[in-house]
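These notes concern the structure reproduced below.
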Amino acid sequence: MLNKAPSNVSFPKLEEDVLKKWEEIDAFQKSIDNREGSKEFTFYDGPPFATGLPHYGHLLAGTIKDIVPRFWTMKGFKVDRVFGWDCHGLPVENEVEKILNISGKKAIDEVGVEAFNNKCREIVLRYTGEWEKTVKRMGRWVDFKKGYKTMDLDFMESIWWVFKQLWDKDLIYKGTKVVPFSAALGTALSNFEAGQNYKDVQDPAITILFKLIDDDAYMAAWTTTPWTLPSNLALCVGPDIDYVKVLDKETGKKIYFAQARLSVYSKKKEFEILETVKGSQLKGLKYEPLFDYFADLAEDGAFQILNDNYVSTDNGTGIVHTAPSFGEDDNRIVKEAGLKLDACPLDNEGLFIDPVTDYKGQFVKDADKLIIRRLKDEGKLFDHSQIVHSYPFCYRTDTPLLYKSISSWYVNVESFKDKLVASNKNIRWVPEYIKEGRFGNWLEGARDWAISRSRSWGTPLPIWENNTNGKRICFGSVEELEKISGKKINDLHREFVDPITFTVDGEEGEYVRVTEVLDCWFESGSMPYAQKHYPFENVKWFEENFPADFIAEGIDQTRGWFYTLVVLGTALFEKNPFKNVIVNGMILAKDGFKMSKSKKNYPPAEDVLNEYGADALRLFLINSPVVAGKDLKFSEEGVKDLIRAVILPLWNSYSFLTTYSHVDGWGPEKGLQKSENQMDQWILSKLQSLIEQVDTEMQNYNLNKVVPPLVDFVGYLTNWYIRLSRRRFWKSENDGDKFQAYSTLYQVLVTFSKVMAPFLPFLTDYIYCHLTKDDATETFESVHLNDFPQPDKSLQNKELELKMDLVRKAVELGRGLRAKHQLKTRQPLQSVTVVAQDKNNKQYFIELNELIKNELNVKEVVVSNDESELVHRSAKPNLKLLGRMYGKQMKEATVLIKELDEETLVSLSSGGTVNILDKELGEEHVLIELSPKEGFVVDSDQGVTVALDTDLNDDLKKEGLARELVNRIQNLRKDASFEVSDKINITLNGDDAINESLKIYGDYLKNETLATNLDMGILPDKSDISESYDIDGIKVNIAVTRN
RNA sequence: ACGCCCGUAGCUCAGUUGGUUAGAGCGCAUCCCUGAUAAGGAUGAGGUCACUAGUUCGAAUCUAGUCGGGCGUACCA
């Protein structure tokens, strides 16, 4: 027998209890061990940085990462899930710098790599406890004990192996990279850091003249950074852009610039156009360097005009001053022209150094003015103005950033770009548009990947360089390094491997490690291999399970983790490393802006969990556009709504079943019965359809399409099935029908728990376990150890579902009519007329007329197939069909169709045709609408018409009154907190109408209220509860006593 | 600044290849029902589909531009 559900439930509290149970029985581990020997479903967890606390974005991703593996577990797969920690990288270093109150690479060198790294190691895991707590509280099952850390020796060794693979494939090279640089900190910043602090600032915008060597003319170039001019090594023009050579009437100089910019400059000066040429024709022309500091680079190809398509004519002159050491594009263009040029005359503090002797020791930005004046004096300044543009500032010192080239190690991604695109073809992206859109575009434009950082806390590059002959050796395992160095190695961090040096027989010089470490993105992209210490361990497992079945992260990872995974998977194995990916959108605050701690525009996750629980939060997140890659405005109310829409009704259903079955001592151990009742059959059929639907959507990773059918089902269950079946549960006789009702509701709740288990892991587990404790066919300790239900075809009855839809429609219309005409449902009416033109439908109404009778509280259901007395017909064109037929005549035809009379419409619906503008139209060409006729209590919708007979005779009135009395007495029972099974004695007195009514309906009233005695007369002095009522003018006093 | 996504009722969102009176839930108002009660039902009010211009017999939907939000990329020289 089932235990009664507790009368007051706290879902957060219930969840905590379920969590405890999971711990006790080790439910998660069991869900994996259970599937030993089954096919595996592989899941990769993207490692978060442990330096911050989890926020909603993590909770969302965590929810998706929990639901999908839970589903596939229930589908029979073994789904191992381990957590990962991203330990290396700038965020950690920044934290440590803050703690040690130092900044920049130089400072780190002073503290020492060892001390610095120790500090990093110390703090990197400081929030893991909080993470674990929150992740678990959300109901996510993931293994923290076996979790990987990117700073583990095994992990780092695999990284080395990955790197060595690329090295052997000749995909690694050393080049220069232009990076944002903070002069105040004396260190390069990541693009991410540089992006933190853009500001609109005013800068000089000058146009300078470069004298051509073989032509008595000048090239006009525009720049906002005069201090980069000493480092100018080239000019760049667009090959397809038109350039004009003009005569400056004031100075007599001949000057080139883009034709499109002529109008701008001619505002200030007078020109005569001499010639027009394409940029491609200017290519290769040589010019005199502006300054002579780097004049000797002319031998290496400097000071010539190059071509590139990135040049625009939006501003400037259409001729770009190119300083390869200070601009990413500049660097690229020069490189692509096959030139090796570099002129970077500044130190780490942003001060000019040799050979720029004139400004030596000056901060470059301060030298701007002097450089401009000098160019002006030399007659090389063509124009001088100001511009306001956005420029990055150091996020820590608020000083303008400089861009400067540094040497860096690259992966030659461009060389296998085609393979990346090919890999992407095999990935299922949810939502789909990301595949060809954002991600596809990003792959198309893939650039070589700079993977080294001049930093301290990371996996060191496994490259040793001979300090004499420059030869390099790359290591791909600890063993190789141990062998050559003769030392035992237990840790691969810099403080351990940097001191290792060695010599090679027959070679001069000593091999010393290059100083850089790997970008932590390289590590996260390597996690499929490194988390398993592949290929040093788990080779067989890896080969069988390599492309992961599933991963999930936010859309911000398009160019992050998703990209690095694909690059490395493709480079190593020419494979896409994951088959399915769910990309979630960003969670914004209620106000539509991003969540911000300082703005306090969102509630702390902990509060939401304590107030509403994880089930509600999970459902809210899953049911939002955020799983379809769109942004979500987070609102607490939304979470609350899901409680109301799903969790509470589900709980109430469970509570309903247990309340009544407890009274009868019913439980599944009595054996489940197959039901003949159509309501039972209907809800079971609906349940099978739901199983199918959820299964299909989950197989397609459409998590956001799952909740609406769940909500619908909850509606069917509570607002139709239970509401209409209540009487069967609480009637006093223990007959077969009652047990069929119990069996049905029991089965529905048990199966429904299984279907919803991946989504609402707590509540479903609670309900499932409490329901099935005595059920010999359900022997599991947790709903999550079950298989996902299979739809039972024998229980599916689509026709019945259709029937019920019609009935529900009719009842809905009938209820609407009662409301509109102020006819209380408690007042019985003589009859309702339902009209169905379709023969099948007519039959359905006849079959299910009992339901309609009860729901609408009428004595009789009249089924008719002629609604012409009740409604008007009118027609509208079926535009989808007719639009193509009529084209421009459509407007005219619409008017004619709308004017068709009822007779014609009736003939159309019985197969007739009508001629409109020379075209023969049949029923399918028009849409016939029904509208209620005046003076009838009638309504019509979607082919169903319902009319109520509102005449009341005496008998109906008496019955109505009896029902009012039942209602009052039931309320009294409830107010007196009687049990549903308590028997009572009633005493009442009142107006004559009461007596008249009870003469006929006294037994009915007793039966309904479980009354053993019904006395008419003066109320007793002592009763459990008594009250006086006025029912539409009829007065009555009632007293109730429990016996 | 550029690329991608988004802008529909007070709020959160649906809206298939262009088609009929633009929908749902919540909230609000009125009424109803109720021994599942932290509920439930019906009805109603509430919309210039961000704006502008175009394509079309017909645009929330397609095109171009403007404005606003998000993500990403950026000293576009």
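Proteins get letters first, then strands, A, B, ... in listed order; numbering begins at 1 in each. FYI, side chains are in, hydrogens and waters are out, and symmetry mates aren't considered; it's all heavy atoms of this structure.
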Spacing of [X] atom [atom1] relative to [N] atom [atom2], expressed in whole Å:
X: A:Leu856; N: B:rC32; atom1: CG; atom2: P; result: 17 Å
X: A:Leu642; N: B:rG25; atom1: CG; atom2: C1'; result: 10 Å
X: A:Leu588; N: B:rC71; atom1: CG; atom2: P; result: 7 Å
X: A:Gln889; N: B:rU56; atom1: CD; atom2: P; result: 18 Å
X: A:Leu710; N: B:rG25; atom1: CG; atom2: C1'; result: 15 Å

So does A:Ala234 get a backbone contact from the side chain of A:Asn232, meaning a donor-acceptor N/O pair under 3.5 Å?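 Flag set: sc A:Asn232 to bb A:Ala234 pair under 3.5 Å.
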Side chain of [X] (C-beta onward), nearest among [options]:
X: A:Pro625; options: B:rU34, B:rA14, B:rU73; answer: B:rA14
X: A:Arg559; options: B:rC71, B:rG41, B:rG72; answer: B:rG72
X: A:Asn719; options: B:rC13, B:rG41, B:rU37; answer: B:rG41
X: A:Leu632; options: B:rC76, B:rC13, B:rG72; answer: B:rC13
X: A:Ser653; options: B:rU37, B:rG40, B:rA36; answer: B:rA36
X: A:Asp329; options: B:rC71, B:rU20, B:rC76; answer: B:rC76
X: A:Asn652; options: B:rA36, B:rC26, B:rC57; answer: B:rA36
X: A:Leu879; options: B:rG3, B:rU20, B:rA42; answer: B:rU20

Rounded distance in Å between the [atom1] positions of [N] and [M]:
N: B:rC28; M: B:rG18; atom1: C1'; answer: 35 Å
N: B:rC13; M: B:rA22; atom1: C1'; answer: 14 Å
N: B:rG10; M: B:rU48; atom1: P; answer: 8 Å
N: B:rG23; M: B:rG15; atom1: C1'; answer: 7 Å
N: B:rG25; M: B:rA14; atom1: C1'; answer: 10 Å

Do any side-chain nitrogens or oxygens of [X] fall under 4.0 Å of OP1 or OP2 in [N]?
X: A:Asn971; N: B:rU34; answer: no
X: A:Arg644; N: B:rG27; answer: yes
X: A:Lys876; N: B:rU20; answer: no
X: A:Arg826; N: B:rC33; answer: yes
X: A:Lys633; N: B:rU12; answer: yes
X: A:Asn878; N: B:rU20; answer: no
X: A:Ser655; N: B:rU37; answer: yes
X: A:Lys630; N: B:rA14; answer: yes
X: A:Arg726; N: B:rA36; answer: yes

Is A:Lys809 atom NZ crowded by more than 12 heavy atoms from other residues, nucleotides or ligands, each under 6.0 Å away?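 Check passes, neighbour count above 12.
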For the NZ atom on A:Lys919, are there more than 12 heavy atoms of other groups (residues, nucleotides or ligands in this structure) within a distance under 6.0 Å?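 Count over threshold, so yes.
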Determine which nucleotide pairs with [N], using a 3.5 Å limit on both distances of a Watson-Crick or G-U wobble pair.
N: B:rC71; answer: B:rG3
N: B:rC57; answer: B:rG19
N: B:rA29; answer: B:rU43

Do [X] and [Y] have side chains that approach each other closer than 4.5 Å (heavy atoms only, starting at C-beta)?
X: A:Arg727; Y: A:Glu1008; value: yes
X: A:Tyr716; Y: A:Tyr721; value: no
X: A:Leu763; Y: A:Leu650; value: yes

NZ/NE/NH1/NH2 to OD/OE distance under 4.0 Å, A:Asp329 and A:Arg332: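 Yes, this pair counts.
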Check A:Arg815 with A:Glu855, please: is the shortest side-chain N to carboxylate O separation under 4.0 Å?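 Yes, charged N to carboxylate O under 4.0 Å.
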Would you mind telling me which of A:Tyr612, A:Tyr56, A:Phe634 makes a ring-ring contact (aromatic ring centres under 6.0 Å, His included) with A:Phe620?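 Result for ring-ring contact (aromatic ring centres under 6.0 Å, His included) with A:Phe620: A:Phe634.
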If you pin A:Leu817 and A:Tyr660 to their nearest nucleotides in RNA chain B, which one's is more 5'?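 With A:Leu817 and A:Tyr660 compared, the 5'-side residue is A:Tyr660.
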By nearest heavy atom, map A:Gly316 and A:Gly816 onto RNA chain B; which one lands nearer the 5' end?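 Closer to the 5' end of RNA chain B: A:Gly816.
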Which part of the nucleic acid, if any, lies within contact of A:Thr223, taking any heavy atom under 4.0 Å across all strands shown: a base, the sugar-phosphate backbone alone, or nothing?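 Answer is sugar-phosphate: A:Thr223 comes under 4.0 Å of backbone atoms only.
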Can you give me the N/O atom pairs linking the protein to nucleotides 59-65 of chain B at distances under 3.5 Å, or say none if there are none?
none

